[in-house]
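We name chains A, B, ... by the order of the sequence lines, and we start the count at 1 in each one.
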Protein chains: 2
Amino acid sequence: MDMRGIAKLAGVSSATVSRVINGSSLVRPETVERVRKVIEEAKFFPNNSATTLKYGRSDTYGVVIPDITNPFFPEFIKNFEGILVGNDKDMLMATTEFDSSRMQQCIRRMLMRKVDGVALLASEIETQSFEDLIHNRVPLVTMDRGHIGRGLSDVSIDNRSGMDQALQHLKGLGHKKIGYIGGVEGLTISDHRIDAFMHALQRVGLETRPEFIKVGNYRSAGGMNAMTELLSLKDRPTAVLAANDLSAIGGMRAAMKLGVSIPTDLSIVGFDDIELSEIVHPPLTTLRLPRPELASVFFYALEQLKSTPHSRGKHYTVKTSLVVRESTGPAPKRRRGTS
Amino acid sequence: MDMRGIAKLAGVSSATVSRVINGSSLVRPETVERVRKVIEEAKFFPNNSATTLKYGRSDTYGVVIPDITNPFFPEFIKNFEGILVGNDKDMLMATTEFDSSRMQQCIRRMLMRKVDGVALLASEIETQSFEDLIHNRVPLVTMDRGHIGRGLSDVSIDNRSGMDQALQHLKGLGHKKIGYIGGVEGLTISDHRIDAFMHALQRVGLETRPEFIKVGNYRSAGGMNAMTELLSLKDRPTAVLAANDLSAIGGMRAAMKLGVSIPTDLSIVGFDDIELSEIVHPPLTTLRLPRPELASVFFYALEQLKSTPHSRGKHYTVKTSLVVRESTGPAPKRRRGTS
DNA sequence: TTGAAAGCGCTAACAC
DNA sequence: GTGTTAGCGCTTTCAA
């Protein structure tokens, strides 16, 4: 069944049916009524691909994420989809699994589906991939890459303010030796976060120790490994920051397994503030990266780019803030033998 | 840029370009080569909506889920998307947030996008909603609703075998008073699971006590509330089953807060086996519902329906199995005063 | 082995 | 207020 079918049943033309569906005010109310009824009875739904074909836009935004099993992303997706649905748009989600050929496929799918823009939260992207998007004039908003350009905006995470807060908090509790569990090596977002950590240490006046910095993988297993390494050091940190909550939670698990109690023997601070962090035991002190705000900044940035297609994108920033729970406490008294 | 553009550049017709893209063997190798090069240089991507318009199919499957922040669903999505991408298909995901008007919107979106089928994992659907899908000949596969029909298959979760295993396990540990934290009241999937629990109690030879059955909401907060109620009973259960892992984990939290230690004072069994259940402390004993298998059964069921459009669907079953971890242990000795 | 052309369903410009 | 019609990009049948 198409609009012509409906038109015939209602005794009008397909143009009128189109007008009714799109709420044009030019149609006589009784006609509207009649057409509506026929649409209802026939259970008719307009075929979106015809409009997409005609106008080259699909009212769909693409979202590319690395790993949907990291709770941070579903929480973002939930908010983002909510905004889209509220604006009568659709979402095409694709996950890269940290794999660059998957990433290429994702971009390809986005282009073939004529998405109106792409929110790119997967930072392992090579520049090459998104050149295709730029070249095809698809608005692109990235997370924490720092580069902008024509049709390209970036939402950076203000790691700095959050890290400062976290380190001040720890310093206030008497901690001096602070470790770090990183993300996946080589991703810009991980590098930014490590940089932010190092600089924050300096600003707060704590020493940086290379052996206190371990890589993880943004998942709990990586956090466990990294923490195990940190705790096997002769001179251990008394507090640890992690690149995300999942790593921090893995780290807590590893610590508990090794008989290190939290926060008595060791303090831990996460990053993201996923829902889980409140439920876990002990509840995790963490830097909150607010998903609702992040989602709406992405949406706003995309809409901006779409409405001014040929102009240069902008830098946006989302702030982080410290949420103190129970995984941080006073630094333990020094043991004999360790400095 | 469209196929005619490519055709002109390559000195062929758009038909030939189409043939090259679709891998037709009728084109002379040198022509293929030439066209390929032009496509490459122009960074051309075919416009999927034209094909969708022409053939009424989009090579996209829809997935409708209630709540993406419940880790069970991302884990399903991850597997399902993997299968789809491997078969050159796309996924249109929609979440209902347990809201029936959102559900209607979801179905509408699916119909407008001409999805080739829908995997419906949200059981709060009213029959009315999916009549639209059936009416428009869209293959539909539901989870644990039990009804099949023309173009409609169902994947049921074999709660029974799993519940039996769980209760045998608990009985073997000396438990006699077993509580249950349910899902959202009124959802068929919740009702099925409660039924399965009651029948399993009978089969295993344990008594059923209405006051031991509490509703939750599939989230940790609901599990906390339900557990708090259970523990406020004068005569408490010594073991509790939950409708999903999130509820079980919430239940553990509540128990810990009330000074009830797990598994010493109370045993808990979850349902799903989300990744989190292994990380949580203590690691959760649970009934595993294997997501990779679930995803592939859904895909298979959809493909079956698509290839035989006018025939009746089938019943599929996915079995659950008990994974014993550390949240279950021997029943505590009876305290004085409680029977 | 390649080309020409019709038609999928919708919408907006134009005609009445 | 309503109807007519062209055309979005692709594939496939038919013709050459």
Side-chain angles (χ1 to χ4, degrees), chain A residues 1-36 38-39 42-60 88 90 108-109 111-116 136-138, chain B residues 1-36 38-39 42-60 88 90 108-109 111-116 136-138:
Chain A
M1 176 65 69
D2 63 1
M3 282 194 182
R4 273 202 298 275
I6 300 295
K8 198 164 281 175
L9 288 173
V12 296
S13 76
S14 65
T16 300
V17 175
S18 172
R19 282 191 268 258
V20 169
I21 284 173
N22 294 298
S24 159
S25 56
L26 302 171
V27 191
R28 210 184 337 147
E30 11 174 352
T31 315
V32 172
E33 186 62 24
R34 192 150 35 98
V35 173
R36 280 257 160 75
V38 175
I39 289 174
K43 294 180 190 302
F44 169 75
F45 294 87
N47 182 339
N48 176 47
S49 63
T51 323
T52 300
L53 178 58
K54 193 167 172 61
Y55 294 103
R57 61 170 173 77
S58 58
D59 290 327
T60 299
D88 266 315
D90 251 319
R108 192 186 162 74
R109 285 159 64 190
L111 285 163
M112 291 183 57
R113 305 279 163 183
K114 288 270 175 287
V115 296
D116 299 345
N136 286 77
R137 298 251 141 76
V138 179
Chain B
M1 177 64 71
D2 63 1
M3 283 193 182
R4 272 201 299 273
I6 299 296
K8 199 164 281 175
L9 288 173
V12 295
S13 76
S14 65
T16 300
V17 176
S18 172
R19 283 189 269 256
V20 169
I21 284 173
N22 294 298
S24 160
S25 55
L26 302 171
V27 191
R28 209 179 345 141
E30 11 174 351
T31 314
V32 172
E33 186 62 24
R34 191 151 35 98
V35 173
R36 280 257 160 74
V38 175
I39 289 174
K43 294 181 191 299
F44 169 75
F45 295 87
N47 182 338
N48 177 48
S49 63
T51 321
T52 301
L53 179 57
K54 194 166 172 62
Y55 294 102
R57 61 172 171 74
S58 58
D59 291 327
T60 299
D88 266 314
D90 250 320
R108 190 185 165 74
R109 284 159 64 190
L111 284 163
M112 291 182 57
R113 304 278 163 185
K114 289 272 176 285
V115 296
D116 300 345
N136 287 75
R137 297 251 142 75
V138 179

Query raised in the report: When rounded to the nearest 0.5 angstrom, what is the spacing between CG in B:L111 and NZ in A:K43?
Result: 10.5 Å

Query - Between D:dC10 (P) and B:F45 (CZ): distance, integer Å - result: 13 Å

Query raised in the report: Quick one: salt bridge (Lys or Arg N to Asp or Glu O under 4.0 Å) partners of B:D59, sequence neighbours excluded?
Result: B:R57, B:K89

Report task. Not counting sequence neighbours, list each pair that qualifies as a salt bridge (Lys or Arg N to Asp or Glu O under 4.0 Å) and has a residue in residues 10-21 of chain B. Result -> none

Report summary line: CG (A:N136) and CE (A:M112) are apart, to the nearest 0.5 Å, by 12.0 Å

Query raised in the report: Partners of A:D88 by side chain to side chain donor-acceptor pair (under 3.5 Å), sequence neighbours excluded?
Result: none

Requested in this report: With axes from five pairs an end, tell me the bend angle of the helix from C:dT1-D:dA16 to C:dC16-D:dG1, nearest 10°.
Outcome: 40°

Report task. Return the set of residues passing salt bridge (Lys or Arg N to Asp or Glu O under 4.0 Å) with A:R36 (not counting sequence neighbours), or none when no residue passes. Result -> none

**Report entry** Contacts of type side-chain contact (heavy atoms from CB on, under 4.5 Å), residue A:L9, not counting sequence neighbours
**Finding:** A:M1, A:V38

Query raised in the report: Nearest-Å distance, CZ (B:R4) to P (C:dT2)?
Result: 20 Å

Report summary line: Expected list for residues 23-36 of chain A near DNA chain C, using heavy atoms below 4.0 Å, is none

What pairs of donor and acceptor atoms, side-chain ones from residues 44-53 of chain B against any protein atom, are under 3.5 angstrom apart with sequence neighbours left out?
from: B:N47; atom 1: OD1; to: B:S49; atom 2: N; distance (Å): 2.8
from: B:N47; atom 1: OD1; to: B:S49; atom 2: OG; distance (Å): 2.6
from: B:T52; atom 1: OG1; to: B:N48; atom 2: O; distance (Å): 3.1

Query raised in the report: What integer distance in Å separates B:K8:NZ from C:dG3:C1'?
Result: 14 Å

Query - Spacing of B:K114 atom NZ relative to C:dG9 atom P, expressed in whole Å - result: 8 Å

Report summary line: Residue pairs meeting salt bridge (Lys or Arg N to Asp or Glu O under 4.0 Å), one or both in residues 1-12 of chain A, sequence neighbours left out, come to none

Query raised in the report: A:D2 CG to C:dC8 P: how many Å, rounded?
Result: 8 Å

**Report entry** Qualifying residues under salt bridge (Lys or Arg N to Asp or Glu O under 4.0 Å), relative to B:R113, sequence neighbours excluded
**Finding:** A:D90

Report task. Encode nucleotides 11-16 of chain C as B, S and - characters from 5' to 3', where the letter depends on protein heavy atoms closer than 4.0 Å: B to the base, S only to sugar-phosphate, - to neither. Result -> BB----

Report task. Report the distance from atom CG of A:L53 to atom C1' of D:dC8, rounded to the nearest whole Å. Result -> 4 Å

Report task. Would you please name every residue forming a side chain to side chain donor-acceptor pair (under 3.5 Å) with A:S18, sequence neighbours left out? Result -> A:N22

